[in-house]
Amino acid sequence: MTGPLRELNYLVARLLNRRRAAQELDEEMRAHIEMEVEENIAAGMNAEEARFAALRKFGSVALSQERSRHVWGFRWLETFWQDLRFGLRMLLKSPAFTIVAILTLALGIGANTAIFSIVYSVLLRPLNFSDPDRLVYVWDSNPSIGYPRFSSSAPNYLDWRAQSQSFEQLSAVASWSYNLTGEGTPERVGAVRASASLFPMLGVNAQLGRTFLEEEDRPGGDRVVLLSHGFWQRRYGQDRGIIGRTLELNGESYTVVGVLPASFQLLPDRLPYAEIWTPAALTENMFVRGNHLLKVVGRLRPGVTLSAAQSELSSVAKRLEAQYPDSNRGWNVVLEPLQEVVVADSRPMLMVLLAAVGFVLLIGCSNIASLMMTRAVSRAREIAIRSALGATRLRLIRQFLTESVLLALIGGALGVVLSYWGIELLIKLQAGSLPRTDEIAIDSRMLLFSLVISIITGILFGLVPALQSSKVALLESLKEAGRKGTSGPGRGRLRNAMVITEMALALVLLIGAGLMIRSFLQLQKVSLGFNPDNLIAMRLTLPTEKESKYYQKSARALFYSELLKRLEALPGVESAGMVSTLPLAGDSVSEFFVEGQPLPDPNQGYNANYRNCNGRYFNTMHIPVMKGRIFSDQDITNSQLVVIVNETFARQFWPNEDAIGKRISFNGNEGPWRTIVGVVGDVKHMSLDQEAGLELYTPYTQTNGHDINIVLRTAGDPAGITAGARRALMELDSTLPIYRIRTMQEIVANSLASRRFNMALLSFFAASALLLAAVGIYGLIYYTVKERTHEIGIRIALGAQQLDILKLVMKQGTKLALYGIAIGLAASMALTRLMASLLYQVSATDLTTFTVISLILALVAMAASYIPARRATKVDPIVALRYE
Amino acid sequence: MKKEEREQVDILQGTLDMLILRTLVFGPKHGHSIAHSIEHDSGAVLKVDHGSLYPALQRLERRGWVTADWGTSENNRRAKYYRLTPLGRKQLVAETTKWERIVEAITRIMQPASEES
């Protein structure tokens with residue numbers, strides 16, 4: 001056998017037969033000594049002398065044994081095992097400390113594991129497609145009109161596909177919806193229209209059946225449909241015979257060709273209602289170049305970088321701009337990695353939360369370290385003896401570190417268990433504010449993270465006490481009166497420093513939470529522009545195919561007015577209105593031109609948020625009418641074209657005049673012109689934290705809407721109206737489903753859901769940090785009082801009053817708190833600017849928040865010092881003086 | 001009786017290994033007789049703590065220069081016998097050569113006077 005292998009063999013054999021090897025060695029040495037004794041006797045010594053001489057010649061048996069075992073190479077293993085057993089015994093001997101430490105560690109490490117799992121699954125883990133880092137999202141971009149990232153138009157998409165080389169594949173998707181009729185209850189189903197190339201590009205296969213074929217991706221051949229797993233489960237109970245059946249969508253027959261896998265998710269917050277998928281079936285004629293309704297995803301060709309693809313597409317965009325100036329002027333193309341698009345919004349907040357749990361863990365470690373140092377004091381005797389028996393400082397430190405890492409591992413294991421529940425809870429609470437929540441799970445990577453964090457934590461809080469405790473003042477510790485030898489000035493300073501650090505960390509977290517709470521409160525105060533109470537909204541879509549009875553605009557108008565009349569007649573309903581897009585539901589943008597105020601480029605118009613509605617809508621929503629009138633029965637299909645604008649609009653274009661009577665057009669400077677008949681108050685259309693922009697309203701009777709939201713203002717609880725509303729619709733047309741029924745309060749709350757979740761979570765961590773820091777100060781003061789009992793007793797005996805003692809003790813706590821707050825304020829100044837993007841109308845260095853939080857922390861610190869301080873005042877001087 | 005001066009020489013670990021190997025050249029020995037061989041053959045100059053032999057023997061065994069078997073000693077006592085392996089033999093030659101070179105070098109330094117004259 002070769003050298004190293006033979007040696008390994010030797011070591012392994014010894015390792016496995018440790019006991020036998022030790023016994024044999026023992027026997028061997030004993031035999032050796034016996035032989036020497038015999039020789040000595042033979043040489044003339046008596047039995048006693050012989051043995052004495054033999055032993056002396058041999059030297060230290062124990063040393064010889066130990067050095068032999070050292071050769072056997074597993075001494076480190078034996079000492080480690082020894083340390084472990086000893087550490088466990090020590091932990092069991094002080095159960096109070098152990099339990100407190102384990103709980104603190106469990107919460108700290110558990111929280112870190114949970115948050116890190118979320119951060120990893122949401123931000124870092126590659127998307128669930130093949131080769132996901134080659135996938136990019138293609139935006140149409142026009143920064144000059146305020147849309148640096150926007151959806152794409154179909155003709156643009158087709159041109160990019162034809163004119164670029166950088167992509168292996170480009171696919172388009174668009175949000176859509178269908179009325180599902182035929183068997184079962186009629187239902188409005190959210191859908192996505194997708195290119196046939198999409199699924200192969202993503203590497204996604206149907207779990208049942210197949211995905212689209214190329215020939216199905218064109219008008220005529222496109223009457224096929226794919227079901228999402230959720231839809232298949234909900235409506236068809238996972239019936240495996242669904243393939244080949246037909247569904248009636250918008251009156252036409254579609255054949256089910258496949259079911260998508262349960263794990264499949266594409267752009268969840270941009271395609272929120274992806275219950276069924278139909279082929280995109282695009283042609284250039286079908287869509288206007290200026291109508292941007294597609295989302296485009298592509299796969300880069302192997303070897304092509306993102307920037308190369310970006311430059312190529314930019315030049316294609318320039319060509320299109322020159323070719324189609326009316327629609328494409330100012331429009332460029334922006335490429336972004338698909339994962340970025342999905343996760344970028346969540347990143348700032350998740351990073352803040354990760355930092356927050358990190359801080360909480362640090363504060364917890366600091367507390368445990370303090371506890372360990374206190375505990376070490378009572379072990380000073382033991383340490384001194386071990387040191388005298390030959391333990392090196394390194395050995396002692398190793399012992400202590402083993403104990404602390406053991407503690408951390410136990411706490412960490414418990415923490416992992418807690419984090420399972422924690423994650424479940426968090427997912428439930430986040431209510432849609434995080435993407436990719438299906439992918440959040442604790443897998444082996446998270447467990448590894450937990451393990452590493454536990455070990456690092458153990459070393460972190462164990463190192464300082466280990467270093468301190470192993471520094472043995474031998475003589476002093478062995479003395480009976482060991483009380484003073486416990487905390488020399490060095491240790492006191494260290495403990496002070498730790499408490500100050502805890503205060504500073506807690507302050508930073510509290511200020512962060514405070515800023516977020518302030519932002520949230522500001523948001524809640526924001527005027528919506530309408531009254532959200534007792535308001536319920538529901539959606540309705542009329543099929544507009546040629547065969548449908550609603551094909552004619554007049555037929556639709558009739559239907560709407562009849563429906564609204566019936567709805568308003570319902571008991572409990574005060575008024576009913578309708579609108580194309582609800583507030584807080586997103587952009588619906590249109591270009592417009594102002595008569596007499598053209599832009600420098602006559603072909604370029606302004607952009608505004610645009611809604612179709614009826615007159616009653618304004619009454620129902622309680623949107624105030626500032627000037628003029630709202631739509632009425634005189635605004636019908638063939639009368640003068642009218643429009644209503646909001647205050648901001650009127651102020652921008654006619655600051656010193658009346659806007660009533662002025663005219664705008666949607667189709668360039670040739671018209672047709674629409675006359676402004678009214679000015680209403682601003683409404684928050686996009687989201688609460690965005691300023692109201694320019695808003696336009698046109699009457700339903702004069703535009704082509706078939707997708708409407710009905711809003712009902714009720715006298716009492718809006719949810720009670722639902723049944724009645726459904727019935728009213730059924731009476732008019734039993735094939736039309738009403739869907740997305742929600743109260744306005746729900747919609748408003750939903751738009752704030754993400755902020756609320758973040759604020760709540762950060763506040764929770766900040767509160768934990770505060771609690772831990774308070775415990776830290778309490779512990780320090782308590783301990784100080786115990787130490788100075790003797791001194792306090794003397795003071796009282798000499799005439800000090802309760803108040804004097806109180807002041808004496810609390811001075812220490814207050815001083816530490818103030819230092820901590822000072823450092824914390826400095827740190828906050830530097831750090832809070834990192835979360836500026838999460839705040840609303842609150843500066844990252846908001847004076848009020850900083851001041852209030854500092855005061856709160858100071859008060860808590862003083863309260864935490866007060867309790868042990870009171871104990872100090874109760875000291876009986878006689879007892880204290882006797883206390884040695 | 002005249003007191004003989006005995007020099008207690010501190011024996012380096014590696015040198016001890018070499019000495020042990022040497023004593024095993026003529027056949028397997030157990031620990032006790034190895035100790036005696038070293039003391040005896042050195043003319044009682046080298047005194048070694050018998051105990052320190054055993055770590056050395058473990059080392060030699062680990063390196064594969066000796067093997068060990070249990071046997072019976074002269075006094076019918078159970079003892080572990082150590083035997084030189086071919087590898088050990090080679091090692092002994094190498095060590096000896098090295099040792100002689102060291103000795104020569106030290107000698108040269110210690111007797112410069114005779115060189116100069």
Side-chain angles (χ1 to χ4, degrees), chain A residues 1-18 20-44 50-75 78, chain B residues 6 8 10-14 16-17 20 23 28-40 44 46-83 85-88 90-91 94:
Chain A
M1 267 195 270
T2 49
L5 203 59
R6 185 192 341 103
E7 200 165 319
L8 191 63
N9 198 36
Y10 170 88
L11 290 174
V12 168
R14 280 286 181 277
L15 186 67
L16 295 177
N17 294 311
R18 282 202 304 283
R20 187 160 68 88
Q23 275 173 353
E24 285 189 0
L25 185 66
D26 206 42
E27 202 184 323
E28 208 185 330
M29 292 202 212
R30 231 176 310 137
H32 181 120
I33 293 174
E34 287 310 315
M35 282 191 239
E36 184 72 12
V37 167
E38 277 172 14
E39 247 176 55
N40 285 348
I41 290 177
R51 182 157 291 274
F52 189 66
L55 283 173
R56 210 178 53 186
K57 199 141 198 214
F58 196 87
S60 160
V61 173
L63 196 61
S64 177
Q65 271 182 337
E66 184 157 329
R67 283 166 61 198
S68 301
R69 292 162 88 106
H70 185 63
V71 176
W72 292 344
F74 45 79
R75 194 163 89 152
E78 286 190 331
Chain B
R6 306 212 172 168
Q8 296 267 1
D10 220 358
I11 299 181
L12 298 165
Q13 214 183 52
L16 181 59
D17 289 355
I20 295 174
T23 62
K29 288 190 169 64
H30 56 68
H32 188 245
S33 66
I34 293 175
H36 268 265
S37 291
I38 294 179
E39 284 178 350
H40 180 258
L46 296 178
K47 291 241 180 236
V48 125
D49 273 351
H50 287 196
S52 62
L53 275 182
Y54 287 92
L57 287 167
Q58 298 302 314
R59 227 175 11 252
L60 295 176
E61 195 184 351
R62 174 172 163 170
R63 295 277 191 61
W65 297 336
V66 304
T67 53
D69 295 294
W70 283 98
T72 333
S73 78
E74 314 81 45
N75 311 13
N76 263 334
R77 199 180 276 276
R78 208 168 110 89
K80 209 174 204 182
Y81 278 82
Y82 292 86
R83 176 208 326 266
T85 63
L87 204 63
K90 247 191 286 187
Q91 182 67 17

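The figures here come from the full heavy-atom set of this structure, side chains too, leaving out hydrogens, waters and symmetry mates. Labels below follow one simple rule: chain letters A, B, ... track the order of the sequence lines, proteins then strands, and each chain is numbered from 1. Fair warning: this is a prediction, and the values are worked out from it, not measured in the lab.
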Subject >> Rounded distance (nearest 0.5 Å) linking atom CD of Q58(B) with atom OH of Y10(A) >> reply: 4.5 Å
Subject >> Donor-acceptor side-chain pairing of H36(B) and E36(A) below 3.5 angstrom >> reply: yes
Original post:
With chain B, which of E34(A), E38(A), E66(A), Q65(A) has the greatest number of heavy-atom pairs at distances under 4.5 Å?
Top reply: E38(A)
Subject >> Partners passing ring pair (Phe, Tyr, Trp, His ring centres under 6.0 Å) against H50(B) (at least two apart in sequence or in another chain) >> reply: H32(A)
**OP:** Below 4.5 Å from any heavy atom of chain B, which atoms of L63(A) appear? Answer side chain, backbone, both or neither.
**Re:** neither
Original post:
Can you name the residues that form a side-chain hydrogen bond (donor to acceptor under 3.5 Å, both in side chains) with K80(B), not counting sequence neighbours?
Top reply: E24(A)
Original post:
So do the side chains of S33(B) and M35(A) get within less than 4.5 Å of each other, counting heavy atoms only?
Top reply: no
Original post:
Does CZ belonging to R77(B) count more than 12 external heavy atoms closer than 6.0 Å?
Top reply: yes
Original post:
What distance separates S68(A) OG from Y54(B) OH, expressed to the nearest 0.5 Å?
Top reply: 9.5 Å
**OP:** State the CZ-CG distance between R62(B) and N9(A), to the nearest 0.5 angstrom.
**Re:** 12.5 Å
Original post:
At their closest point, which heavy atom of G51(B) faces which heavy atom of S64(A), and how far apart are they?
Top reply: O-OG, 2.7 Å
Original post:
What is the distance from atom NE2 of H32(B) to atom CE of M29(A), rounded to the nearest 0.5 Å?
Top reply: 14.0 Å
